Number of protein chains: 2
Amino acid sequence: MKQPTGGLVERLKDNGLKLTPQRHLICQLIETLPGHPTAEDLYEQATAVMPSMSLKTVYSTLYELAGMGAIRLVNVGTGGFRVESHLEPHAHLVCRSCGQVTDVPVDPVADADLSVLEQFDFVVEQREVIFRGLCRECGLRLSGEGSGS
Amino acid sequence: MKQPTGGLVERLKDNGLKLTPQRHLICQLIETLPGHPTAEDLYEQATAVMPSMSLKTVYSTLYELAGMGAIRLVNVGTGGFRVESHLEPHAHLVCRSCGQVTDVPVDPVADADLSVLEQFDFVVEQREVIFRGLCRECGLRLSGEGSGS
DNA sequence: TGGTAACAAACAATCGTTGTAAACTAGGTG
DNA sequence: CACCTAGTTTACAACGATTGTTTGTTACCA
Ligand SMILES: [Mn+2]
Ligand SMILES: [Mn+2]
Ligand SMILES: [Zn+2]
Ligand SMILES: [Zn+2]
């Protein structure tokens, strides 16, 4: 009923892909790194362990994992997509100042009335809710600056 | 209580910006073109009338209008942002196949319980709801292809 | 009649991502 | 083992969207 978030390596093999050292490392990093890493984040971490790792391989592996539904690639408008390894429906807080992405562990649309959607003949496969604004640090910092001098 | 969508030119002047022919044209196009045009869409339309128009000027003007809250620039993950001239809160349908962006004239989060957000010390300024899936044409086309031959 | 501030154009550069081709690797075959 | 092959990774060029820089224009005013 609920696929284990911590089984990326198994998912790869189940889908007939070879478990290469590169893929293994990328899977581990995804399961280890907190938050919503970018491809570049993963690349940096990966090259620290395996200097020959190519950025292209990171992208390819992410698309493979996303293609088999093991992760999602979300775009919150901060330039470049981010890896989402929490597959349960949830919302995101995105700071317009520092770009930080935080999980909100509920789906605000869960019990909304979505009957309006019927008229569109649109097959909804997935939904995304983003709250944009300022995180605590950025809120404090910006208001502090504004009143100074 | 409700700023007129059709007053971009006035908004520019109210904010102390000169009403140049370029800005005037871009404002007109935003108010005329249906849907959610990209910067490139506007640039194409603009150069048809004013061939010297620079893409940079389109971008600059869009950021100026967005900065004064006259439009919004939304990123639905189709590569590049789109101009949103309907400022009332509403959701979007985004087709994963053709990229079409359709307005859903309701805000599904409007009467959701957002008390969970309080614990985050995050100042929400704006929210975004996207439904991803397949539009009618793409749904028909893809299922038609799958069953043939 | 310059002087200057705001603006737009031309064009190079940047960022995130993708295409291409060459090199590598594990698993068969003889 | 020497060879073949499919799958994979790498190096690197190219791409689309956006931005920086520099230079040219324009409106307006002392
Ligand atoms: Mn998340
Ligand atoms: Mn819209
Ligand atoms: Zn922040
Ligand atoms: Zn479609």
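Source: prediction; values computed, not measured.
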Length of the line joining A/L12:CG and D/dT8:C1', which is rounded to integer Å: 13 Å

Establish, yes or no, whether a centroid distance under 6.0 Å links the rings of B/Y63 and B/F81. yes

In residues 47-60 of chain B, which residues come under 4.0 Å of DNA chain D by heavy atom? B/L55, B/K56, B/Y59

Hey, mind stepping through A/V9 and A/K13 against side-chain contact (heavy atoms from CB on, under 4.5 Å) and telling me if it holds? CA-CA 7 Å; A/V9 162; A/K13 289 191 289 191; 4.2 Å; yes

Under the side chain to side chain donor-acceptor pair (under 3.5 Å) rule, collect the residues that match up with B/T32, sequence neighbours excluded. none

Tell me, which pairs form a salt bridge (Lys or Arg N to Asp or Glu O under 4.0 Å) where one or both residues lie in residues 54-76 of chain A, sequence neighbours left out? A/R23-A/E64

Once you apply a heavy-atom cut-off of 4.0 Å, does B/Y63 come out as touching a base, just sugar-phosphate, or nothing? sugar-phosphate

To the nearest 10 degrees, how far apart in direction are the end axes of the helix from C/dT1-D/dA30 to C/dG30-D/dC1, each fit to five base pairs? 20°

Looking at A/M50, is its backbone amide N or carbonyl O close enough to the side chain of A/T47 to form a donor-acceptor pair, meaning the two atoms are under 3.5 Å apart? no

Distance-only check: which donor-acceptor pairs under 3.5 Å involve side-chain atoms of residues 91-108 of chain B, not counting sequence neighbours?
residue: B/H92; atom: NE2; partner: B/H36; partner atom: NE2; Å: 3.3
residue: B/H92; atom: NE2; partner: B/E84; partner atom: OE1; Å: 2.8
residue: B/H92; atom: NE2; partner: B/H90; partner atom: NE2; Å: 3.1
residue: B/H92; atom: NE2; partner: B/D103; partner atom: OD1; Å: 3.0
residue: B/R96; atom: NH1; partner: A/E125; partner atom: OE1; Å: 2.7
residue: B/R96; atom: NH1; partner: A/E125; partner atom: OE2; Å: 2.3
residue: B/D103; atom: OD1; partner: B/H36; partner atom: NE2; Å: 2.9
residue: B/D103; atom: OD1; partner: B/H90; partner atom: NE2; Å: 3.0
residue: B/D103; atom: OD2; partner: B/H86; partner atom: ND1; Å: 2.8
residue: B/D107; atom: OD1; partner: B/V109; partner atom: N; Å: 3.0
residue: B/D107; atom: OD2; partner: B/R127; partner atom: NE; Å: 3.0
residue: B/D107; atom: OD2; partner: B/R127; partner atom: NH2; Å: 2.7

Can you check side-chain contact (heavy atoms from CB on, under 4.5 Å) on A/R82 and A/T78, steps first, answer last? CA-CA 9 Å; A/R82 288 161 176 273; A/T78 48; 3.3 Å; yes

Close approaches to DNA chain C from residues 14-27 of chain B, in residue order (heavy atom, under 4.0 Å): B/L17, B/K18, B/T20, B/Q22, B/R23

Minimal non-hydrogen separation, B/A70 against B/L87, with atom names: O-CD1, 3.7 Å

